[in-house]
Trainee: 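Please find one structure pasted underneath; my questions will follow.
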Amino acid sequence: MDMKKVFDYIETLRPEMLDTLGELVSCPSFRSEPEEGAPFGPAARKCLDKALEICGGLGFKTNNVGGYAGTASFTDGESVLGILAHLDIVPAGDGWTREPYQTTVEDGLVYGRGTMDDKGPAVSVIYAMKALKDLGVPLKSGFELILGTDEECGSSDLRYFMEHEKMPKWLFTPDASYPLINIEKGRIAAHFSASAESESLISLHGGKTVNAVPASASCELRRSEKISVKALTSAISTLGISAKFSVCENGELIKISVEGVSAHASTPDFGDNALTALIKLLAAVIPDDPAGKLLCGLNITFPYRETDGESAGVKACDEISGALTLAFSILDYENGRFDGAADIRFPVCESVGSLSEKLGAALRKIGFEPDIGGVEPHCVPSDSPFVGKLLDAYETVTHKKGECLAIGGGTYVHGIPGGVAFGCEVEGIDNRIHGADEFIGIDALIENAKIFAQAIVNVCG
Ligand SMILES: [Zn+2]
């Protein structure tokens with residue numbers, strides 16, 4: 001098949017693609033209260049109906065899977081390839097300078113919530129399919145587009161889909177980055193708690209979500225001979241900490257605040273952990289206090305600036321997936337009780353069971369009761385023929401080198417056998433996914449459609 005014809009045809013579909021993207025963006029399809037037939041709320045259901053209606057209008061067979069997901073295809077028989085995109089979004093949030101729930105075209109970019117994550121990529125798949133169908137490109141095996149509606153809130157759409165439909169043997173999701181992600185590290189969320197009365201520490205708070213390095217932390221201490229603004233300021237100056245401390249006095253209380261730098265838990269090196277910085281200070285200032293002793297244990301097990309888990313006894317690394325990362329993400333102390341959490345992303349050489357055991361032992365040793373859970377790593381071999389066909393499609397269209405990536409985060413296909421992530425973010429461009437003024441380039445929308453058309457031909461042709 002002469003793919004140039006297909007690519008040229010896709011170029012002519014720009015106006016239709018922009019219209020379709022506009023229609024999908026106009027549904028604020030973030031999760032809301034379920035209703036009959038709308039498990040993730042009426043807006044998500046409306047967006048699914050709209051997408052399937054558009055697909056039907058282009059001549060594809062469509063199937064609504066219980067309002068959880070939908071499929072569209074123009075091939076007969078069983079699908080060996082599935083392309084999995086999602087229509088749900090996160091709410092707009094603050095800071096937009098354009099309308100979030102309608103598309104705005106400006107200087108070759110389309111703005112709007114979901115343009116990049118993941119409605120734009122879904123539109124590129126739909127028009128890749130239209131091009132192949134309209135030009136009568138011969139395909140030997142079947143494929144389908146699968147549209148989910150709960151990617152952002154736990155992927156229960158896929159669990160429902162797999163209970164009611166057959167998942168194709170090969171699957172890719174255009175919901176991450178190019179070139180291709182074949183390894184997603186495993187994840188551990190560790191919660192831990194301990195009780196200790198304290199003469200000095202009144203309260204402590206740092207971090208809100210398990211999967212982020214906390215940018216700020218604070219605590220209140222009771223003023224005493226040893227605990228004064230002067231003593232604390234002098235202690236801070238000897239710690240060698242880059243996070244910024246401020247100490248202020250309010251009657252009998254001294255409040256310490258720390259400002260660091262936030263980062264996603266899968267890349268803790270990019271952050272400056274305000275919480276472990278505060279723990280380091282308190283371990284130096286109140287080492288003999290009962291709460292202080294527990295903080296000393298945390299300071300030894302999860303030292304400031306250490307992100308490889310070495311001191312917690314969980315350090316691990318392998319060639320295909322890289323090193324384990326550990327982010328100490330939450331600690332609260334209130335009414336004599338500590339509650340904390342840490343997030344670990346681990347390579348394929350490790351497992352949830354073995355790491356839970358090691359981390360649990362480390363936590364018990366310093367007086368904390370652990371509650372640890374996790375998911376195993378996800379891996380599709382980089383030398384599988386399916387991966388090779390996708391990378392070939394990427395190279396053919398972009399003329400860039402295709403390669404496999406391992407990441408610490410999880411994508412839509414985590415845990416689905418044979419699934420990889422393929423597109424659509426590219427290095428060096430911040431499409432502001434989940435942020436204000438999210439956008440996709442119109443040229444990228446077209447290029448993605450060409451890559452997907454080539455991928456479908458490579459796998460099914
Ligand atoms: Zn997404």
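The analysis underlying the following values was restricted to heavy atoms, covering all of them including side chains, and did not include hydrogens, waters or symmetry mates. For ligands, and for the atoms within them, numbers begin at 1 and follow the listed sequence.
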Trainee: If you compare all heavy atoms of G37 against all heavy atoms of R45, which two are closest, and at what distance to 0.1 Å?
Mentor: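 Looking at all heavy atoms of both residues, the shortest contact is O-NH1, 2.7 Å.
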Trainee: Less than 6.0 angstrom separating the ring centers of F40 and Y68, yes or no?
Mentor: yes
Trainee: Let me see the working for S329 and D343 under side-chain hydrogen bond (donor to acceptor under 3.5 Å, both in side chains), right down to the final yes or no.
Mentor: CA-CA 7 Å; S329 43; D343 181 305; over 6 Å; no
Trainee: On the 0 to 90° scale, with breaks at 30° and 60°, tag the F172-F452 ring pair as parallel, tilted or perpendicular.
Mentor: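 Taking F452 first and then F172, their aromatic rings sit tilted (interplane angle of 30° to 60°).
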Trainee: Assign the ring pair Y178 / F422 to parallel, tilted or perpendicular, where the plane angle (0 to 90°) is split at 30° and 60°.
Mentor: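 Ring orientation of Y178 relative to F422: perpendicular.
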Trainee: Mind checking side-chain contact (heavy atoms from CB on, under 4.5 Å) for A274 and listing every partner two or more places apart, or none if nothing turns up?
Mentor: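 For A274 the side-chain contact (heavy atoms from CB on, under 4.5 Å) partners, ignoring immediate neighbours, are A217, V258.
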Trainee: Just to be sure I understand the site: which N, O or S atoms from the protein are less than 2.8 Å away from the Zn ion (ligand 1)?
Mentor: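 Protein N/O/S atoms under 2.8 Å of the Zn ion (ligand 1): H86 NE2, D117 OD1, D175 OD1, D175 OD2.
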